[in-house]
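Computed over heavy atoms, backbone and side chain alike; hydrogens, waters and symmetry mates excluded.
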Amino acid sequence: DNDSSFVGLQVDLSHPLAAGYVDGSATLTDRANGHTLQASEVSPDTLRLVAFSTGQEPFSGNEGAVVELQFVVGTDPGTGVLDPTNAVLADAAQNNILTGTEAGTFTTVAPDLSVSPSSFDFGSQPLTSETTATLTVSNEGNDTLRVQDWTTTNPLFSVQDTSEALLLGGESTSRTLVFSADEEGT
């Protein structure tokens with residue numbers, strides 16, 4: 001929100017490296033009044049926004065967004081900070097009338113699959129025997145993880161209880177992995 005009229009702005013928006021600016025996504029809102037917007041990455045983690053009016057026309061209104069833009073974030077859950085620096089809000093006399101800035105945050109909502117243990121060693125087993133081990137699947141993310149299928153690509157292994165599992169963030173479930181030694185050397 002602004003108390004005074006302004007004709008242009010500049011800001012460097014620092015963002016996590018995991019959040020990439022979507023080229024061409026920065027647009028001026030309906031508060032623009034013949035203004036031009038330039039958006040460019042000045043470093044891998046900093047986006048510079050410059051909006052101005054060659055006719056010194058002020059942006060309309062005194063509240064609401066002036067620029068909208070998009071970032072692509074990875075699939076790792078978490079929170080990131082968008083931190084404005086080097087900000088200038090210029091009036092028609094080219095004075096910086098900015099009284100402060102405020103960082104913004106975004107949250108990437110996603111499940112995060114973790115499997116434990118990462119490998120099994122069933123050792124030497126007598127032929128035609130079955131040996132079991134416990135496999136634990138955890139959701140270390142902040143959104144629901146849906147495990148629909150419990151399968152193996154090796155016919156010597158099977159999973160008991162192949163029912164679907166829905167895991168909220170921080171939850172885990174276990175299944176029994178069965179090794180069937182039906183050939184020598186397997």
Side-chain angles (χ1 to χ4, degrees), residues 1-116 118 136-148 164-173:
D1 295 346
N2 56 289
D3 293 328
S4 302
S5 66
F6 64 101
V7 299
L9 64 89
Q10 175 180 315
V11 63
D12 289 345
L13 192 57
S14 299
H15 57 83
L17 287 172
Y21 167 67
V22 176
D23 283 335
S25 69
T27 58
L28 292 167
T29 66
D30 60 1
R31 292 189 63 190
N33 190 12
H35 292 82
T36 300
L37 175 66
Q38 296 174 343
S40 59
E41 293 274 359
V42 294
S43 72
D45 64 348
T46 304
L47 174 68
R48 177 165 292 155
L49 299 170
V50 178
F52 60 93
S53 166
T54 56
Q56 298 292 345
E57 295 296 326
F59 280 89
S60 64
N62 58 2
E63 63 181 42
V66 175
V67 176
E68 294 177 344
L69 49 101
Q70 297 176 8
F71 285 89
V72 172
V73 295
T75 58
D76 293 332
T79 301
V81 176
L82 301 175
D83 190 24
T85 59
N86 303 320
V88 175
L89 195 63
D91 65 10
Q94 301 303 313
N95 297 311
N96 185 1
I97 59 170
L98 185 67
T99 59
T101 63
E102 191 172 311
T105 60
F106 65 89
T107 301
T108 304
V109 178
D112 189 7
L113 173 72
S114 174
V115 178
S116 177
S118 59
T136 301
V137 173
S138 302
N139 181 5
E140 297 177 357
N142 54 14
D143 198 12
T144 302
L145 172 66
R146 181 179 182 185
V147 182
Q148 292 179 281
E164 179 176 281
L166 292 175
L167 304 174
L168 300 176
E171 292 184 337
S172 62
T173 188

Within the structure provided, determine whether [X] and [Y] are in side-chain contact (heavy-atom separation under 4.5 Å).
{"X": "Leu47", "Y": "Asp12", "result": "no"}
{"X": "Thr136", "Y": "Thr173", "result": "no"}
{"X": "Leu69", "Y": "Leu49", "result": "yes"}
{"X": "Asn33", "Y": "Ser53", "result": "no"}
{"X": "Gln10", "Y": "Gln38", "result": "no"}
{"X": "Asn139", "Y": "Glu171", "result": "no"}
{"X": "Asn2", "Y": "Val66", "result": "no"}
{"X": "Thr54", "Y": "Thr36", "result": "no"}

Backbone N or O of [Y] within a donor-acceptor pair of the [X] side chain at under 3.5 Å?
{"X": "Ser114", "Y": "Ser138", "answer": "no"}
{"X": "Asn95", "Y": "Ile97", "answer": "no"}
{"X": "Ser60", "Y": "Arg31", "answer": "yes"}
{"X": "Asn86", "Y": "Val11", "answer": "no"}
{"X": "Asn142", "Y": "Thr108", "answer": "yes"}

Considering non-hydrogen atoms only, spot the tightest contact between [X] and [Y] and give its length.
{"X": "Thr85", "Y": "Ser14", "result": "OG1-OG, 4.2 Å"}
{"X": "Pro58", "Y": "Ser5", "result": "CB-CB, 4.0 Å"}
{"X": "Ala39", "Y": "Tyr21", "result": "CB-OH, 3.7 Å"}
{"X": "Leu98", "Y": "Ala87", "result": "CD2-CB, 3.4 Å"}
{"X": "Leu28", "Y": "Ala51", "result": "CD2-CB, 4.1 Å"}
{"X": "Thr46", "Y": "Glu41", "result": "O-OE1, 3.1 Å"}

Pairs meeting criterion ring-ring contact (aromatic ring centres under 6.0 Å, His included) with involvement of residues 83-116, two or more places apart: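 Matches after skipping sequence neighbours: none remain.
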
Where at least one partner belongs to residues 36-66, residue pairs that pass ring-ring contact (aromatic ring centres under 6.0 Å, His included), sequence neighbours excluded: Phe6-Phe59, His35-Phe59

Reported [atom1]-to-[atom2] distance for the pair [X] and [Y], which is rounded to 0.5 angstrom:
{"X": "Asp83", "Y": "Leu13", "atom1": "CG", "atom2": "CG", "answer": "8.0 Å"}
{"X": "Leu82", "Y": "His15", "atom1": "CG", "atom2": "NE2", "answer": "8.0 Å"}
{"X": "Asp76", "Y": "Glu140", "atom1": "CG", "atom2": "CD", "answer": "11.0 Å"}

Stepwise side chain to side chain contact (heavy atoms under 4.5 Å, CB included) test for Arg48 and Val50: CA-CA 7 Å; Arg48 177 165 292 155; Val50 178; 4.0 Å; yes

